[in-house]
Student: 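Once you've had a glance at the structure underneath, I'll fire off some questions.
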Amino acid sequence: MTRVLRATEIIGRPVITLDTATAIGEIRDVLVDPSRARIIGFTLRGRGLLSPGLLGILPVEWVHGLGHDAVIVPSAASLVTDREGMSDALGEQKDVIGKEVVTDTGSSLGTVTDVVIEVDGADASVVGYEIDRTDARPFIVPADDRAAISDEALVLPADAERRAAAGLAEFRESRERDHSGHVPAGT
Amino acid sequence: MIRLSQLKGQRVLTQNGAQNVGSIRRLLLDPATSAVVAAELEGVIGTDTLLEWSSVASIGRDAVMVESADSVRGPQTDAEQRLVAGELDLQGKQVLDEGGDALGPLDDMEFDEITGRLAGLVVPGHALPLDRVLAVGPDAIIVPLPGSA
């Protein structure tokens with residue numbers, strides 16, 4: 001079953017091991033590589049007020065299930081806690097929240113306020129960005145694995161603006177239409 | 001087979017003295033063997049609340065019978081301390097499918113009254129034979145995706 005949701009909805013979800021049904025932490029952050037529309041993984045924090053802020057990194061390959069109520073992982077060993085492993089993963093990810101989005105024809109669309117992801121069983125990928133701008137309501141544009149990102153901006157193909165959706169429901173619908181082979185209106 | 005719901009609150013009487021030693025508060029499960037190892041009693045006189053499952057002589061319609069009051073004791077091993085502290089109390093524990101969706105809290109447990117071996121779990125909507133349970137632990141019970149073989 002495929003689900004499309006905002007990355008921020010996952011924050012705070014408990015991470016539970018499949019071998020001992022033990023919670024090893026909760027999701028703190030979603031790490032993405034926008035240039036490849038890829039989720040790298042998640043950072044985990046402890047549960048409860050006095051627990052550690054950063055326990056380690058869960059690579060996306062180790063996710064067994066990502067559901068409404070929990071993230072299921074094979075075991076506690078799924079968590080990367082060594083400095084080298086963690087810095088590798090953190091090196092791949094790019095901060096995208098708050099970044100300006102510019103099309104490859106030079107239009108600024110606004111700033112990224114959320115990442116939209118698609119989860120299918122154990123697979124998760126970046127499929128869109130929610131963008132905010134002062135003169136319009138927020139909207140969602142499709143992600144693209146041909147994107148470029150720097151400290152200054154995220155550059156998306158120009159047709160991202162044409163395919164923008166007003167909200168998550170509309171975005172889901174347009175994805176379903178694309179997948180079933182219908183030609184979207186306006187092409 | 002017997003269900004936890006049939007035992008909860010049931011009084012425990014001794015065969016040798018017809019003494020009421022308490023009533024069943026909850027059952028303590030050893031996750032390694034998937035078997036009930038003891039019952040924790042409430043309403044007891046004194047501080048000993050653990051009843052080893054092997055000392056249960058008979059489960060009747062109106063009472064659980066044990067040989068004598070000596071069958072009730074305090075927790076002795078580390079594992080027993082943890083059990084009494086509630087670490088492996090399955091009652092009301094959330095049941096998740098392996099995709100990470102909650103099915104609801106555990107409704108009931110079914111087990112063999114003689115050996116204590118767990119035969120199945122009852123979660124909202126359906127009963128699950130134990131071989132369909134993927135994991136039992138302190139934070140959840142994990143079961144396969146609904147509709148999977």
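Labels below follow one simple rule: chain letters A, B, ... track the order of the sequence lines, proteins then strands, and each chain is numbered from 1.
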Student: Assigning hydrophobic clusters by single linkage (Ile, Leu, Val, Met, Phe, Trp, Tyr; side-chain heavy-atom cutoff under 4.5 Å), is B/Ile114 placed with B/Trp53?
Tutor: no
Student: Return yes when atom CD of B/Gln76 has more than 12 non-hydrogen atoms of other residues, nucleotides or ligands closer than 6.0 Å, and no otherwise.
Tutor: yes
Student: Tell me whether A/Phe42 is reachable from A/Ile11 by hopping between hydrophobic residues (I, L, V, M, F, W, Y) whose side-chain heavy atoms are closer than 4.5 Å.
Tutor: no
Student: If hydrophobic clusters are built from ILVMFWY residues whose side chains come within less than 4.5 Å, do A/Ile39 and A/Val63 share one?
Tutor: yes
Student: Can you check whether A/Ala23's main-chain N or O pairs, donor with acceptor, with B/Asp139's side chain at less than 3.5 Å?
Tutor: yes
Student: Working note: A/His68 + B/Leu96, criterion side chain to side chain contact (heavy atoms under 4.5 Å, CB included); need CA distance, chi angles, decisive distance, verdict.
Tutor: CA-CA 10 Å; A/His68 279 133; B/Leu96 296 170; over 6 Å; no
Student: Do you know the tightest heavy-atom contact between B/Glu98 and A/Ile72?
Tutor: O-CG1, 3.5 Å
Student: Does A/Asp151, at its CG atom, have more than 12 non-hydrogen atoms belonging to other residues, nucleotides or ligands within less than 6.0 Å?
Tutor: no
Student: Under 4.5 Å from any heavy atom of chain B, what part of A/Leu66 do you find: side chain, backbone, both or neither?
Tutor: backbone
Student: Heavy-atom pairs under 4.5 Å with chain B are the metric here; pick the option from A/Gly67, A/Gly65, A/Ala21 that has the most.
Tutor: A/Ala21
Student: Does CD belonging to B/Glu67 count more than 12 external heavy atoms closer than 6.0 Å?
Tutor: no
Student: Side chain of A/Asp69, backbone of B/Ala102: donor and acceptor closer than 3.5 Å?
Tutor: yes
Student: For the residue pair B/Pro138 and A/Thr20, what are the closest heavy atoms and their distance?
Tutor: CD-O, 3.6 Å
Student: I'd like to know if A/Leu90 and A/Val126 are part of one continuous hydrophobic network [Ile/Leu/Val/Met/Phe/Trp/Tyr, side-chain heavy atoms within less than 4.5 Å].
Tutor: no
Student: Same cluster or not: are A/Ile16 and B/Val123 linked, directly or through other Ile, Leu, Val, Met, Phe, Trp or Tyr residues, by side-chain heavy atoms under 4.5 angstrom apart?
Tutor: no
Student: Under 4.5 Å, heavy atom to heavy atom: which of residues 93-116 of chain A reach chain B? Give them by number, or say none.
Tutor: none
Student: Between B/Leu134, B/Asp97, B/Asp101, which shows the greatest number of heavy-atom pairs under 4.5 Å with chain A?
Tutor: B/Asp101
Student: Is it the case that atom CG in A/Asp82 sees more than 12 heavy atoms from other parts of the structure closer than 6.0 Å?
Tutor: yes
Student: Quick check for you: to the nearest 0.5 Å, what is the distance between B/Ile142 atom CD1 and A/His64 atom NE2?
Tutor: 8.5 Å
Student: Is atom CH2 of A/Trp62 surrounded by more than 12 heavy atoms (other residues, nucleotides or ligands) closer than 6.0 Å?
Tutor: no
